[in-house]
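Before any comments, here is the structure.
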Amino acid sequence: MDFPKRYKHQEAEPRIRRMWEEEGIYRYDPDSPLPCYSVDTPPPYVSSAHLHVGHAMSYSQAEFIVRYKRMRGYNVFYPMGFDDNGLPTERYVERKYKVDKSKISRREFIDLCLKETRIGARTYRDLWEALGISVDWSLTYSTIDERSRRTAQRSFLELARDGLVERRGEPILWCHRCATAIAQADVETLDVPTRLHDVAFLAGDGRHLVISTTRPELIPACVALYVHPEDGRYASLVGQQVEVPLFDYKVEVRTHRDVDPEFGTGLMMVCTWGDMDDVVKWREHGLDSRPVLDPRGRMNELAGPYAGLPIKKARQQIVEALDGAGLLAGGRPLDHKVGVHDRCKTPVEFNHSPQWFLRVLDFKDELLARGAELVWFPEFMKARYDDWVQGLKWDWCISRQRYYGVPFPVWYCVACDQPWLAPLETLPVDPAVDPVPEGASCACGGTELRPEEDVMDTWMTSSLTPLINARWAYDDEERMGAIYPQSIRVQAYEIIRTWLFYTVVKSHFHTRSLPWEAVMISGWGLDSEGRKMSKSLGNFVEPAPVIERYSADAVRYWAAGATLGSDRRFNEQDVADGKRLLTKLWNATRFVAGHLGHGEGEDPAAGEPTAADRWILSRLAATARAATDAFERYEYSHALQATERFFFSDFCDNYLEMVKERFWKPERFAPGRVAAARSTVRRVLLDVLKLFAPFLPYLTEELYQLVFRRPGEPVSIHVSRWPEWAEGAVDPEAEAAGQLLVELLTAARRWKTAHKVHANFPLERIVVSAGNDRRAAVEAVADDLKAAAHAAEVSLAGGGEVETGVPGVTLALTLAAEPATR
RNA sequence: AGGCCCGUAGCUCAGUUGGUUAGAGCGCUACGUUGACAUCGUAGAGGUCAGCGGUUCAAGUCCGCUCGGGCCUACCA
C-alpha cells in the first residue's frame, strides 16, 4: 500500500477541500427525506478586516456540532451570510478613504461601500474555507442583497401595519460623530476620567447656589434647578427664579424625589438633555427646551459667545469664564462612566428629532417568555438576555441618518408631512432613486411626495437572518416549512443584547414563534495574557499564518479545547499539541494499514476475538457513547477529550501493543485470532477517525480515503454514519478482563525497564501468581499477555515477586536472552 | 451598586447528578527504547482545590460570607 511517511497538510488541505467541493457533500438537499438541521450563523461584518484566531475559534466550535449532526444523518442547512450594510461598513470606508458623508455624494459613498464589501467577503470566505467550515456556499446571503432588502422592508411594512412601528419625535440617543440617532443597544460604557465642577447660580437674594456638574458646557441648556422636596436648606427657594451664571436668563427651582440631598450640595442642574434623568424630568414636568448642541456636536446660538465651538472646547472656555467671574466654587476629579457609541466611542448625547421606533417596551413580558422558551447552551447565558430585556428603557430606534443601509420603503406627503408606505409588491424599493409608485397619494389628498432619506439600523436586517434563510419575504412555504424555526443559532455572548434579542423580537412579531429551537453561545479567543485581541494592543493573532504552519485541523483542535461558552487563551503550544495529535493519528493509521491486508478483516464479527479484542471494542463503545452524550449537550470539548484519551491511552499505548505480535508473527496464531485482530483494529480505528472527524476534518478525510473507503461506501467520512453501539456493547466483564490485562502488561513493562531492556524484548516465560478467586481471570488473558509482553510462555504458579496493580497478583519474569551490554 | 462567570500542579485547563488515595496535556528530572511514531515507554518531583464558616456518614463539587480577576447592566447630577 502506498502510504506516505508523513502527512503534509499544506498540500493535503487544499486538495481535500477541492474534493469536498466537487462531491458537494455539504450541499443542502431540499428534497431529502432526512430530518433537517438548520443553522443560523453570524454574518460577519465584511468590511472590518479584523479577523483573528478568536473568530476562527467561535466559528469552529459551532461547526463541530454541525459536522456531528451531519454524520448523525441530518440534512444540514448551513448558510453563510455577510453583513455588509450599516455603520460599521460606513465607518470603515470613511477611515480607509478619508471621507465622510459631508464630503461625498450619497451615490459615490455607497459605491465605495459596495466595493469594500466585495473585497471583504472574499477574504472571509477564503478563511472559512481554509478552516474547513462546512457551509453550503450556494445558500450565501448578504445583508444588502435584494433578498435581504426585500425581507427587511417587508418586515418594516408589516410591523407598521400592525402598529408596532411608529414615527415619533422625542429626545433620542445621538452620535455627533456619525451624525445619526442610535439605539440603546448601540451604547456601551467607558470609564472616562473627568472633573466635577462646582458652579454657583445666583439666587434673588444674592445667595450663591452651588451645583456640581461634569457638564458645565450645558449651563446654557439649563432649564431648572432641582432639590429634594424635604431638603430644608432650600425650602425657601422652591418656586423662585435663579440666575444662570454667564448666560442672561433665569430658571426655576423645583423639587423631585430623585434628587440625592447627600450628593454635592443637594442642588441639581437639569439641562436639555445631559442624561436620562434630564429627559425624565423634562417630560414629567413639562420643562422648557434649550437644546444647545447641533447634530454635529457644536454649540448653537443659545450658547451665545460659545456658539460654533465643539463640546470639549466650550466646556473648557466656560470653566475659564466661570473662574474669571468668581462663580467656580471648586471641583474634583471624578471617574465617570460615560455612554459612548459602540462603533466610534463618541460620547452619546441627546437630540430631539423624528425617528422610527419599533415598540418593544410594551412587550417585555412576552419577550422574557420567549427567552425562557428557548433552549440555551450553556444555560447560564440566558441571564444576559433576561438582564437586558428587563433593563430596556427605550423602544428600538430603527432609523439612521446615514447612507449605506436598507432604505425605508417610505415617502412623505409634502402637504401634511404624513408618511406614505410603499406597497409590498414594489419591494425592494429605494425612494432615493426609484420613482414614486404609480397612483400614490396621501390620505389628505396630497399627491406630491418626497422620499425618506434615512436608512434602517443594520440590525433591522440582521435580526431577520432566519427569515432571510427561509425566504419568508417570497412566501416560500416549502423552505419555510423545512427550516423554520431554525434548529440552532450560534454566536458569541457579546451580541446577545443585539443580534439575539432583536431576532427574537422580529420572530415574535412576525411568526408568533421563536426563530430557533436552541442557541449555542461561544466564548472569546483571548491573547496569551487573557486580554481581548485588538489591533491597538498589538496582540492580534491572524489565523492564516497559524493554519499555514500547523494546519487548519490543529487550529480547530485548539478551538475545541474551550468548554462551551468560556473564553480561551491562544497559545501556540496548544496548536502544536493539535499537530502532535495529527502526527500520532497518521502514524497509528499507517501502522494499521500495513497489516490489514487486502479485502480481509471486513467483517467485524470475523475470527475468534481474544480478551484484548473484546476489551477494546467495549472501550470503543463506551467512548462513542460518552462523545455522543457530550455532543448532544453541545459540549464538544468533552467529546474530543473522551476520544483523545481513548485513542492515546487505550488504543495506541495498549491495544496496538497487544496486537503487534499477531501482525508480526501470524504463523504462530490460529487464523481466527489473526482475523479477529485485523477486523477489530480496522473497526476501532475507523470509528476513532469518525469520532475525530468533526474536529479534524482534513486529516480524518485523508486517512479515510487512503485506508478505509471501499467501493459502495460513502464518498467522504463526513457523510458516513456516526459510530453506533449495540445494546450491551459496553461489556463490564470484557472491561474487567482488559483492565487486568493492562495491569499485568504494565507490570511486565515496568520490570523490563528496571532490567534495562526495551518493551519488545523477548521473555522466556512469565509466571503469574494469583489467588484462586483470580486464576480464571488470569487464564482468560494469558494468551494476550503472552503476545503483548513477547513472552514464549505464560503459566500460573505461586511465588512471583513482581508487584502488579492488582492486589494479590504477582509476576515472575525470565528474559529469553542476556541483554546486550554496551 | 446589582447580575453572571471564574479562582484546581510551574503553564493551559478537565473534574457530569457530592462517593476510594484530586486528573490530563505541556514543561521539568531520571532511566530505557526507537521493527507505526521529528517519537515512544516507565518512574519521579510538583496541589492548604483563593480564604473562612455551614449542611452531610462524606464537599473541589451544595449553602453563606470574605478576598481577587473578567464580563454585563445601572448609576454619582
Side-chain angles (χ1 to χ4, degrees), chain A residues 3 5-6 184 187-189 194 196-197 211-215 218 225-226 256 258-260 262-271 274-278 281 334-337 339 378-388 390-393 493-494 496-497 523-524 526 528 530-532 558 561-563 565-571 573-574 576-581 583-595 626 629-630 633 635 637-638 640-642 644-645 648-649 652-654 656-657 660 663-664 746-761 819:
Chain A
F3 203 119
K5 180 130 169 84
R6 301 240 183 85
Q184 187 180 349
V187 180
E188 63 179 41
T189 50
T194 183
L196 194 59
H197 302 276
I211 60 106
S212 298
T213 180
T214 56
R215 302 290 310 268
L218 291 184
L225 293 187
Y226 273 82
H256 200 288
D258 283 355
V259 180
D260 177 6
E262 304 296 319
F263 187 90
T265 57
L267 267 168
M268 178 182 186
M269 169 174 91
V270 168
C271 308
D275 60 24
M276 196 63 191
D277 277 347
D278 288 353
K281 294 183 182 62
L334 183 70
D335 260 335
H336 204 53
K337 300 243 192 275
E379 225 169 306
F380 66 79
M381 288 292 181
K382 176 175 179 287
R384 291 180 184 244
Y385 175 91
D386 291 343
D387 288 351
W388 178 253
Q390 278 156 3
L392 280 172
K393 290 203 162 133
Y493 50 73
E494 85 282 8
I496 287 174
R497 69 183 213 181
W524 281 24
L526 307 173
S528 57
R531 298 168 307 178
K532 194 174 158 182
W558 164 72
T563 49
S566 64
D567 298 339
R568 181 158 172 86
R569 298 178 182 202
F570 179 82
N571 287 300
Q573 180 59 47
D574 292 327
D577 287 349
K579 188 76 170 64
R580 174 175 152 268
L581 170 60
T583 305
K584 187 82 177 170
L585 260 172
W586 179 265
N587 287 320
T589 308
R590 188 163 155 266
F591 169 67
V592 167
H595 292 97
D629 288 350
R633 298 191 314 271
E635 284 284 7
S637 65
H638 295 174
L640 174 61
Q641 204 175 30
E644 208 181 344
R645 186 168 297 205
F648 267 98
S649 177
C652 290
D653 291 352
N654 288 308
L656 285 185
E657 296 303 323
K660 266 179 180 170
F663 286 161
W664 285 343
T746 301
R749 286 200 289 226
R750 191 179 304 151
W751 184 85
K752 285 183 179 181
T753 299
H755 288 74
K756 300 191 187 297
V757 297
H758 57 84
N760 292 339
F761 198 90

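In the text below, chain A, chain B and the rest are named by the order of the sequence lines, each starting its count at 1.
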Note: for Ser566(A) and Glu657(A) on RNA chain B, the residue whose nearest nucleotide lies more 5' is Ser566(A)

Given atom CD of Gln641(A) and atom C1' of C13(B), what is their separation to the nearest angstrom?
-> 9 Å

Taking all non-hydrogen atoms of both residues, which atom of Lys5(A) and which atom of Trp586(A) are closest, and how far apart?
-> O-NE1, 3.2 Å

Minimum-distance nucleotide (side-chain atoms of His638(A) versus G15(B), G41(B), A36(B)) | G15(B)

Take atom C1' in A58(B) and the same atom in C26(B), then report the distance between them in whole Å.
-> 34 Å

To the nearest angstrom, the CG-P distance between Asp567(A) and C6(B) comes to 11 Å

Is the shortest side-chain N/O distance from Arg384(A) to OP1 or OP2 of G3(B) below 4.0 Å?
-> no

Calculate the interatomic distance between Met381(A) atom CE and C6(B) atom P; express it in whole Å.
-> 10 Å

Could you state the atom-to-atom distance from CG of Leu334(A) to P of A77(B) in whole Å?
-> 6 Å

Taking every non-hydrogen atom, the tightest pair across Arg749(A) and Asp653(A) = NH1-O, 3.3 Å

Would you mind reading off the distance between Phe761(A) atom CZ and C31(B) atom P, rounded to a whole angstrom?
-> 21 Å

Does Lys660(A) make a side-chain N or O approach to OP1 or OP2 of A36(B) shorter than 4.0 Å?
-> yes

Of the nucleotides A14(B), C71(B), A36(B), which one has an atom closest to the side chain of Thr563(A)?
-> A14(B)

If you measure from the C1' atom in A14(B) to the same atom in C49(B), how many Å do you get, rounded?
-> 13 Å

Regarding the side chain of Arg645(A), the nearest nucleotide among G25(B), C40(B), A24(B) is A24(B)

Rounded distance in Å between the C1' positions of A1(B) and C75(B) = 8 Å

Would you call the rings of Tyr226(A) and His256(A) parallel, tilted or perpendicular, where under 30° means parallel and over 60° means perpendicular?
-> perpendicular

Interatomic distance at P, C62(B) relative to C5(B), whole Å | 11 Å

Any Phe591(A) side-chain heavy atom under 4.5 Å of Phe3(A) side chain | no

Asp577(A) CG - C11(B) C1' separation (whole Å) = 12 Å

Sugar-phosphate, base or nothing in reach of Asp278(A), heavy atoms under 4.0 Å | nothing

Heavy atoms under 4.0 Å, any strand shown: does Lys393(A) hit a base, just sugar-phosphate, or nothing?
-> sugar-phosphate

Evaluate the ring planes of Phe570(A) and Trp558(A), with Trp represented by its six-membered ring, and classify them as parallel (under 30°), tilted (30 to 60°) or perpendicular (over 60°).
-> perpendicular

Of Trp586(A) and Thr746(A), the one whose closest nucleotide on RNA chain B sits nearer the 5' end is Trp586(A)

Distance, C1' atom - from U21(B) to G64(B), rounded to whole angstrom | 30 Å

Could you state the NZ-P distance from Lys337(A) to A77(B), rounded to the nearest angstrom?
-> 12 Å

Look at Arg580(A) and G25(B) and indicate whether a side-chain polar atom (N or O) is within less than 4.0 Å of OP1 or OP2.
-> no

Just to confirm, is there a sub-4.0 Å distance from OP1 or OP2 of A77(B) to any side-chain nitrogen or oxygen of His336(A)?
-> yes

Taking CG from Asn571(A) and P from G25(B), how many angstroms apart are they, rounded to a whole number?
-> 18 Å

Candidates C71(B), C5(B), G25(B) - which lies nearest the side chain of Phe380(A) = C5(B)

Would you classify Val270(A) as touching base, sugar-phosphate or nothing, given that sugar-phosphate means primed atoms plus P, OP1 and OP2, and contacts are heavy atoms under 4.0 Å?
-> nothing

